[in-house]
Every structure is written in C-alpha cells, then in structure tokens.
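Every number for a ligand or one of its atoms is a count from 1 in the order of the listing. Being a predicted model, the structure only gives us computed values, none of them experimental.
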Amino acid sequence: MFNNTQNNQQSEEHLDMNRIPEHVAIIMDGNGRWAKKRHMPRIAGHKRGMETVKTITKVASKMGVKVLTLYAFSTENWKRPHDEVSYLMGLPVKFFNDFVPELVENNVQVQVMGLIDQLPAQTQQAVHDAVKDTAHCTGMILNFALNYGSRLDITLAMKQIVDGVVDGKLDPDEIDDQTISDHLMTGFLGQLADPDLLIRTSGEERISNFLLWQIAYSELVFTDVLWPDFDKDVFDHMILEYQHRDRRFGGLDTTNRGDTQ
Ligand code: FPP
C-alpha cells in the first residue's frame, strides 16, 4: 500500500519519463466517504470526484499515458438508491458538456465500454456525442467503463467465441489467449488492452469485478486517499511506485533469482 505520509516528498521530476505505464486503469473509490466526512450528501462526493477525473485526465495525458481506463459505473452499482443512480447517470452528461472542448485541446480521444444501451437515453447520447466529437484525436484514449462488469465481459466474449465456432468461423483448436483478449470489451485497444498499472483509491484492496482477465500481469497499487482528494502528487507517487516494481511476467529478472511468480 502506498503510504500517505510520503506524500509531497517526491514529484514528477523524479519519475523516469521513459518508463511511464502505457495503460493505467483506476478504480475510483471513496466519493461517499469523502462527502460523509464533510456532512454532505453522497452525491457531493461524486460531483467532486468528477472534477478529479478532469484533473487526472490532463495529468495522465501530459505524462504520456496512452490509455486511461476509469471504472465509472459497475454492473453492480444499480443496487444503490435510486437517487444516487440517477445522479451518477447524469454525471457523464455534465462531464462531457463541460469538458469535451478541453479533451479536444489536449488531443484526448473518448471511448466507452460496458452495456451502454442499458443507460438512460440522455446518458447514451452524451457518451456517443463525446466519442464522435473526439474521434479525430490521436493522443491518450480516455476509456470509461460504464455499466461494466468483468464477469459480464468474459461471459459475452465466451458467447461470441462459441457463436464463431458454431458458425464454423472459428476453429476450436486455434482458440488461445489472444482470441479471448480480442473478444473482450478492451479488444479494440489491441496491444494496449491489458493495464500496466491498476490503481484503487480509498484504502479498499479488492478488484470488484474490474478487468479480471486483463490484469493478469498488471502492477496493483492501492492508496488510502479518497478519490475526490486524489491529485497530481498522489498520481505521481502511484507512477513512482509502479516504476519501483520489477515486472517479470512470469519469467526471470536480470539478477536470475529463479522466482517465477
Ligand atoms: C465509488 O465511490 C465511486 C463510484 C461508484 C462512482 C465513480 C464516479 C465518479 C468518480 C465520477 C465519474 C465521472 C464521470 C465523468 C462519469 P463510492 O460511492 O463507492 O464511495 P464510498 O465507498 O466511500 O461509499
């Protein structure tokens, strides 16, 4: 776990700019607790959390991250009280209304993954417009997981693969890792589909049905900081922590320790 007391001691100048993770995924957690601590309604935390999304999008893009995947609404989040779900469904509308011009200015392309056609019509429209309005941008991909769940993702991929076999378009003997990756909702990201780094805020250390297949070799970094308080300094520390990790992908490192996990 990242230790908050180290905060502010190191900054971007200490980062190795040649080892910036290409794909960063974030489980943005702690909006409700942030609001509760201030005796505010939970939705105040989500509103502030949306501002953090804007900040971190710009920071990540400037740093050279190629894909930023944000877990904005899970398939399980429908279980929340109606008013909160309703507010969360309105957030993309507000976010894209405010922020698309800055996304374009920063050459950031918006993508979404999840069951978008189950979202309210206004939310779907906002999302589709943002994707269309930023389609020409060639910089960082800002990939929102909206109404996303990893078990759903894997289930749908399996169904597509089975359909392919039944239709005679896919030879079962040729199904491998890559076939599965290609059929997942991150398939459109090609070589960048798997996050190099997964961050979760708020002190919780679980994956919560996010990118289960894709994080097989991701570095996982957790921080106690609540998402609305997450900022450039904390993000820099997460990247620094990532750069301290020794990524071996099941092989041996240069010192040949023989540890293959
Ligand atoms: C988890 O915090 C957060 C969410 C379920 C929603 C995340 C949404 C945002 C950060 C804003 C998204 C912005 C856009 C543009 C879509 P929690 O409510 O579970 O917090 P708690 O664990 O403290 O209760």
A.B. asks: Does the Lys NZ or Arg CZ of Arg38 fall within the cation-pi geometry relative to Trp34 - under 6.0 Å from the ring centre and within 45° of the axis?
C.D. replies: yes
A.B. asks: Provide, to 0.1 Å, the distance between atom 4 (C) of ligand 1 and the closest protein heavy atom, together with that atom's residue and name.
C.D. replies: His46 CE1, 4.0 Å
A.B. asks: Asp194: what forms a salt bridge (Lys or Arg N to Asp or Glu O under 4.0 Å) with it, not counting sequence neighbours?
C.D. replies: none
A.B. asks: Nearest to atom 1 (C) of ligand 1, what protein heavy atom do you find, and at what distance?
C.D. replies: Met28 O, 3.2 Å
A.B. asks: Sequence neighbours excluded and cut-off under 3.5 Å, please list the side-chain donor-acceptor pairs for residues 105-112, or say none.
C.D. replies:
unit_1, atom_1, unit_2, atom_2, d
Asn106, ND2, Glu102, O, 2.7
Asn107, OD1, Thr138, N, 2.8
Asn107, ND2, Thr138, OG1, 3.0
Gln109, OE1, Gln111, NE2, 2.7
Gln109, NE2, Cys137, O, 3.0

A.B. asks: Nearest to atom 5 (C) of ligand 1, what protein heavy atom do you find, and at what distance?
C.D. replies: Asn77 OD1, 3.7 Å
A.B. asks: Among all protein heavy atoms, pick the one closest to atom 14 (C) of ligand 1 and tell me residue, atom and distance.
C.D. replies: Phe144 CE2, 4.2 Å
A.B. asks: Quick one: does Ser218's side chain have a donor or acceptor within less than 3.5 Å of a partner on Leu220's backbone?
C.D. replies: no
A.B. asks: Specify the protein heavy atom at minimum distance from atom 6 (C) of ligand 1: its residue, its atom name, and the distance to 0.1 Å.
C.D. replies: Ala72 O, 3.5 Å
A.B. asks: Give the residue and atom name of whichever protein heavy atom lies nearest to atom 11 (C) of ligand 1, and the separation in Å to one decimal.
C.D. replies: Leu91 CD1, 3.7 Å
A.B. asks: Write out the residue and atom name of the closest protein heavy atom to atom 9 (C) of ligand 1, then the distance separating them to 0.1 Å.
C.D. replies: Asn31 ND2, 3.7 Å
A.B. asks: Return yes when Arg80 approaches ligand 1 closer than 4.0 angstrom through a heavy atom, no otherwise.
C.D. replies: yes
A.B. asks: Donor-acceptor pair, Tyr71 side chain versus Ser208 backbone, under 3.5 Å?
C.D. replies: yes
A.B. asks: Report yes if Gly32 has an N/O atom closer than 3.5 Å to an N/O atom of ligand 1; otherwise report no.
C.D. replies: yes
A.B. asks: Checking Asn147 against Trp78: is there a side-chain donor and acceptor pair closer than 3.5 Å?
C.D. replies: yes
A.B. asks: Quick one: which ligand 1 atoms are inside 4.0 Å of a heavy atom on Phe95?
C.D. replies: 15 (C)
A.B. asks: Would you call Arg200 and Glu204 a salt bridge, taking side-chain N to carboxylate O under 4.0 Å as the test?
C.D. replies: no
A.B. asks: Hey, are His46 and Asn31 close enough side-chain-wise for a donor-acceptor pair under 3.5 Å?
C.D. replies: yes
A.B. asks: Under 4.0 Å from a heavy atom of Arg33: which atoms of ligand 1 are those, numbered in the order shown and with their elements?
C.D. replies: 21 (P), 22 (O), 23 (O)
A.B. asks: How does Trp227 reach ligand 1, by side chain, by backbone, by both or by neither, if only non-hydrogen atoms under 4.0 Å count?
C.D. replies: side chain
A.B. asks: Does even one non-hydrogen atom of Ser202 get within less than 4.0 Å of ligand 1?
C.D. replies: no
A.B. asks: Going by atom types alone, do Trp213 and Ser150 pair a side-chain donor with an acceptor below 3.5 Å?
C.D. replies: no
A.B. asks: Looking at ligand 1, is there an atom of it that comes within less than 4.0 Å of some heavy atom belonging to Arg42?
C.D. replies: yes
